[in-house]
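Data first, discussion second: the structure below is written as structure tokens.
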Amino acid sequence: MNNKKFLIITGLLALISIAISGCGTVVRSDISVFHDLDARANEITFAFDPTAAQSGSLEYRAYADLVRGHLTELGYVEADAQSDAMWVIQMEYKISDGEEKVGSLPIIGQTGTSSSTTYGTISSSGGFGTYSGTTYQTPTFGVVGSLTYSGTVYSRSLQLNIAEPQTVGGNDTKVLLEATVFSVGSFSQLSRVMPAMVEALFRDFPGESGATRTEAVRVIE
């Protein structure tokens with residue numbers, strides 16, 4: 001393969017790499033959790049506690065459905081009314097306006113030859129000789145340039161709290177769990193990544209209190 005073709009292929013691979021990463025098929029979330037929960041899942045009932053603004057929001061309902069699904073899979077049971085629940089679930093979520101990021105990728109190409117070797121044959125007749133051979137050169141490769149790329153990234157966060165229902169609304173709310181899920185990526189719509197962020201939270205729930213972890217979840221296009 002000659003140097004020109006190698007550079008072209010390398011450049012195309014770099015562009016493909018950027019395009020794939022820009023698609024955001026994998027969402028990486030940082031999760032931190034602090035809690036004082038009883039692990040007896042089969043004895044726990046829960047209910048959601050939306051804010052006044054969230055009560056009429058279809059977006060909130062969609063995210064609550066995600067959380068509800070994971071809680072029920074773990075054996076928790078949704079109560080008919082908040083007054084009958086042992087836990088109330090509170091959520092806050094947001095996404096940033098976006099920030100432009102610029103970077104560069106190296107282009108690898110042939111930088112020279114490290115050695116050359118000649119192979120051939122000599123034939124003679126009547127005191128005269130002829131030689132026929134081929135020289136093989138071993139190329140060296142390195143960075144021969146760079147490819148600049150740019151894109152917009154967005155910060156997304158989910159705050160999920162669990163509190164005792166009888167203390168909610170007062171000055172002495174007893175919080176049983178505080179969980180934060182944070183991710184950064186190219187998706188500009190929170191609804192695209194929220195399923196992955198919620199799944200990341202519940203992959204190890206409630207987990208060790210005070211611990212932080214990172215989860216990678218693939219987004220279904």
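The structure displayed is predicted, hence computed values, not measured ones.
Checking S32 against T212 by side-chain atom types alone, no donor-acceptor pair falls below 3.5 Å.
For R28, the CZ atom is loosely surrounded, since the number of other residues' heavy atoms within 6.0 Å does not exceed 12. Other residues, nucleotides and ligands contribute over 12 non-hydrogen atoms within 6.0 Å of the CD atom of E59. Remark: D65 CG is packed, more than 12 non-hydrogen atoms of other residues, nucleotides or ligands lying under 6.0 Å away.
To the nearest 0.5 Å, atoms OH (Y60) and CZ (F48) are separated by 6.0 Å. Distance check, rounded to the nearest 0.5 Å: CD1 of I95 to CZ of F187 gives 10.5 Å. Once rounded to the nearest 0.5 Å, the distance linking CD1 of I31 with OG1 of T180 reads 10.5 Å. Separation of atoms CZ (F182) and CE (M197) is listed at 8.5 Å; rounding is to 0.5 Å. Of the inter-residue distances, the one linking L190 atom CG with S157 atom OG reads 8.0 Å to the nearest 0.5 angstrom. In this structure, the separation between CH2 on W87 and CG on L71 is 7.0 Å, given to the nearest 0.5 Å.
In plain terms, the two heavy atoms of A179 and N161 that are nearest each other are N-OD1, 4.1 Å. When every heavy atom of S183 is checked against every heavy atom of S29, the shortest pair comes out as CB-OG, 3.8 Å. Heavy-atom minimum distance, A163 versus V168: CB-CG2, 4.0 Å. Closest approach of Y63 to M194, counting heavy atoms only: CD2-CG, 3.4 Å.
Side-chain N or O atoms of T173 include one that pairs as donor or acceptor with a backbone N or O of T167 at under 3.5 Å. A donor-acceptor pair is defined here as one N or O able to donate and one able to accept, closer than 3.5 Å; such a pair exists between the side chain of H35 and the backbone of G207. Remark: side-chain polar atoms of R213 are paired, donor with acceptor, to backbone N or O of D204 under 3.5 angstrom. Listed for the R156 side chain is no donor-acceptor partner under 3.5 Å among the backbone atoms of V181.
By the criterion of side-chain heavy atoms lying less than 4.5 angstrom apart, applied directly or through intervening Ile, Leu, Val, Met, Phe, Trp or Tyr residues, V219 is grouped together with V198 in one hydrophobic cluster. Transitive grouping of hydrophobic side chains (ILVMFWY, heavy atoms separated by less than 4.5 Å) brings F202 and M91 into a common cluster. Under the 4.5 Å side-chain heavy-atom criterion for Ile, Leu, Val, Met, Phe, Trp and Tyr, F46 and V175 are members of distinct hydrophobic clusters. In the hydrophobic cluster analysis, where Ile, Leu, Val, Met, Phe, Trp and Tyr join through side-chain heavy atoms closer than 4.5 angstrom, V217 is grouped apart from L158.
Contact check for L201 versus H70: no side-chain heavy atoms found under the 4.5 Å cut-off. At least one side-chain heavy atom of Q54 sits under 4.5 Å from a side-chain heavy atom of Y93. Residues D84 and T45 have side chains not in contact (no heavy-atom distance under 4.5 Å, counting atoms from C-beta outward). The shortest side-chain heavy-atom distance between E92 and T51 falls under the 4.5 Å cut-off. Two residues are said to be in side-chain contact when any heavy atoms from C-beta on lie closer than 4.5 Å; V88 and I162 fail this criterion.
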Please report the C-alpha distance between V193 and Y154 in whole Å, then the side-chain angles of each, then the deciding distance to 0.1 Å, and finally whether the side chain to side chain contact (heavy atoms under 4.5 Å, CB included) criterion is met.
CA-CA 11 Å; V193 296; Y154 301 84; over 6 Å; no

